[in-house]
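Just below is one structure, and these are the notes that go with it.
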2 protein chains.
Amino acid sequence: MDSMDRSILKCLSENSRQSATEISQTVHLSVAAVIERIRKLERNGIIRQYTVVADQHKIGNDVTALMEVSLEHPKYYDEFTKVMHDNPSIVACDYLTGDYDFMLKIQTKSSETLEQLHRIIKSIKGVSNTKTYFVLKEIKCGTTAMAEAQ
Amino acid sequence: MDSMDRSILKCLSENSRQSATEISQTVHLSVAAVIERIRKLERNGIIRQYTVVADQHKIGNDVTALMEVSLEHPKYYDEFTKVMHDNPSIVACDYLTGDYDFMLKIQTKSSETLEQLHRIIKSIKGVSNTKTYFVLKEIKCGTTAMAEAQ
DNA sequence: CGTGAAATTATATAAGT
DNA sequence: ACTTATATAATTTCACG
C-alpha cells in the first residue's frame with residue numbers, strides 16, 4: 001500500500017468504472033502494472049466492493065431516516081446484526097459508544113414503509129429503545145475517505 | 001425506470017466493475033441494449049457515481065466517528081455544507097430533523113486527527129454545538145438501497 | 001426499443017529488463 | 001515490480017427489424 005496504490009484507489013473511488021487505460025494515464029504507469037495493482041488491492045481486501053451511488057428519489061425512495069437503537073443485552077448482538085445485513089432498506093449500521101448502541105441509516109419508499117421497518121426493528125429480540133430522525137437533505141453520501149496520495 | 005433498469009442497477013450496485021457482457025447474461029438482454037440502458041441511467045442522473053468500498057483500517061483510517069452538529073441560524077447553512085463537501089475525511093453528512101441539525105460520518109487516521117477535525121468543525125461560522133460518538137464497529141456500510149426488481 | 005455484426009478499445013498473458 | 005508485445009475479450013457504432 002504505497003502512494004501509487006493510493007492514487008489508483010483514489011481514481012477508482014471517484015469513478016470505479018473508468019478503464020485501467022485511463023487510470024494508467026493519470027498515474028503515469030503502464031496499463032499492465034495498473035491492472036496488476038488493482039488485482040492485488042482486491043486480493044488483499046483493501047477494495048471490498050465496487051458499487052454505485054444512485055439517486056434515491058429517482059429510484060423511488062422518498063424517505064431517508066437515521067435510527068438509534070439500543071439492545072437490552074449484548075447477547076442479542078449477533079441476531080440483530082444479521083437482520084441489519086439482510087434488510088436491503090438498511091444501507092448503513094454502526095455499533096457505537098454513547099446512549100444508544102447502534103445508528104442505522106434507512107432508505108425507503110415512503111413514511112409508510114418506514115413505519116413497517118420501524119415495527120420490524122422494534123420486534124427484533126433484545127431491542128429496547130429506538131429514536132428516529134428524518135433526513136431533510138443528504139448533503140454528502142460516500143463510503144470511503146480517500147486522503148490524497150502524498 | 002422499469003424493472004429491467006432496476007435489475008441492471010442492482011447488478012451494478014453489487015459490482016459496478018462487472019462487464020456489460022456479464023450483466024447481459026443475468027438480465028437476459030443483448031450487450032448493446034444493456035450498455036444503452038446504463039448510459040441512459042447515467043444521463044438521467046439515476047446513477048450519480050461509480051465508487052468503491054475500501055477497508056478503512058487497511059488504508060490507514062483507524063477511527064470512525066459520528067458527529068452531531070447544530071447551527072445557530074440557517075444563514076450559515078451554505079458555508080457549512082461547503083466545508084462538508086470539501087473535507088475528504090467527512091464521508092457522509094445529513095441535514096436532519098431533531099435536536100441537532102446535521103449528522104456527520106467521519107473516517108480518519110487516529111484520535112489525534114479526529115481531534116483536529118473536531119476543532120475545524122467547531123470553528124466553522126455558526127456552529128454552536130457538537131456531540132461525537134465513536135464507531136466501535138461498522139456493521140454495514142453502503143450507499144444505495146436497492147430493492148429487488150419485481 | 002431491440003438485435004447482431006463490424007470496428008475500435010480494453011484487458012489478460014507472457015517474456016524480457 | 002514495470003514495460004512492451006501479443007492474444008483474447010469487451011465496448012462502441014450502426015444498419016436494420
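These numbers come from the heavy atoms of this one structure, side chains and all, not from hydrogens, waters or symmetry mates. These numbers come from a predicted model, not from an experiment. Chain identifiers are assigned alphabetically (A, B, ...) following the order of the sequence lines, protein sequences preceding nucleic acid strands; residue numbering begins at 1 within each chain.
The two residues A:C141 and B:R48 have their closest heavy-atom pair at SG-NH2, 4.3 Å. Scanning all heavy atoms of the two residues, the minimum distance from B:M4 to B:V27 falls at CE-O, 3.5 Å.
Looking at residues two or more places apart in sequence or on another chain, you find no side-chain contact (heavy atoms from CB on, under 4.5 Å) involving B:D78.
Contact check of residues 13-24 of chain A against DNA chain D (heavy atom, cut-off under 4.0 Å) returns no residues at all. Residues from residues 47-55 of chain A with heavy atoms under 4.0 angstrom of DNA chain C: there are none.
Side-chain N/O atoms of B:R37 include none lying less than 4.0 angstrom from OP1 or OP2 on C:dC1.
Among pairs with a residue in residues 88-97 of chain A, those fulfilling salt bridge (Lys or Arg N to Asp or Glu O under 4.0 Å) read A:D94-B:K105, at least two apart in sequence or across chains.
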For every nucleotide of nucleotides 12-17 of chain D, 5' to 3': is a protein heavy atom under 4.0 Å from its base (B), only from its sugar-phosphate (S), or from neither (-)? B-----
With Watson-Crick and G-U wobble geometry limited to distances under 3.5 Å, how should the secondary structure of DNA chain C be encoded in dot-bracket form, using | for bases paired to another strand and [ ] for crossing pairs? ..|||||||||||||||
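Neither side chain, A:S13 nor A:T144, offers a donor N or O lying under 3.5 Å from an acceptor on the other. No hydrogens or angles considered: a donor-acceptor pair under 3.5 Å links the side chains of A:E68 and A:Y133.
Between A:Y77 and A:Y95, the angle of the ring planes goes over 60°, which puts this pair in the perpendicular group of the 30/60° scheme.
Following rounding to the nearest Å, A:M1 (CE) and D:dA1 (P) show an atom-to-atom distance of 14 Å.
Note on A:K40: only backbone sugar-phosphate atoms sit closer than 4.0 angstrom, heavy atoms only; bases stay farther off.
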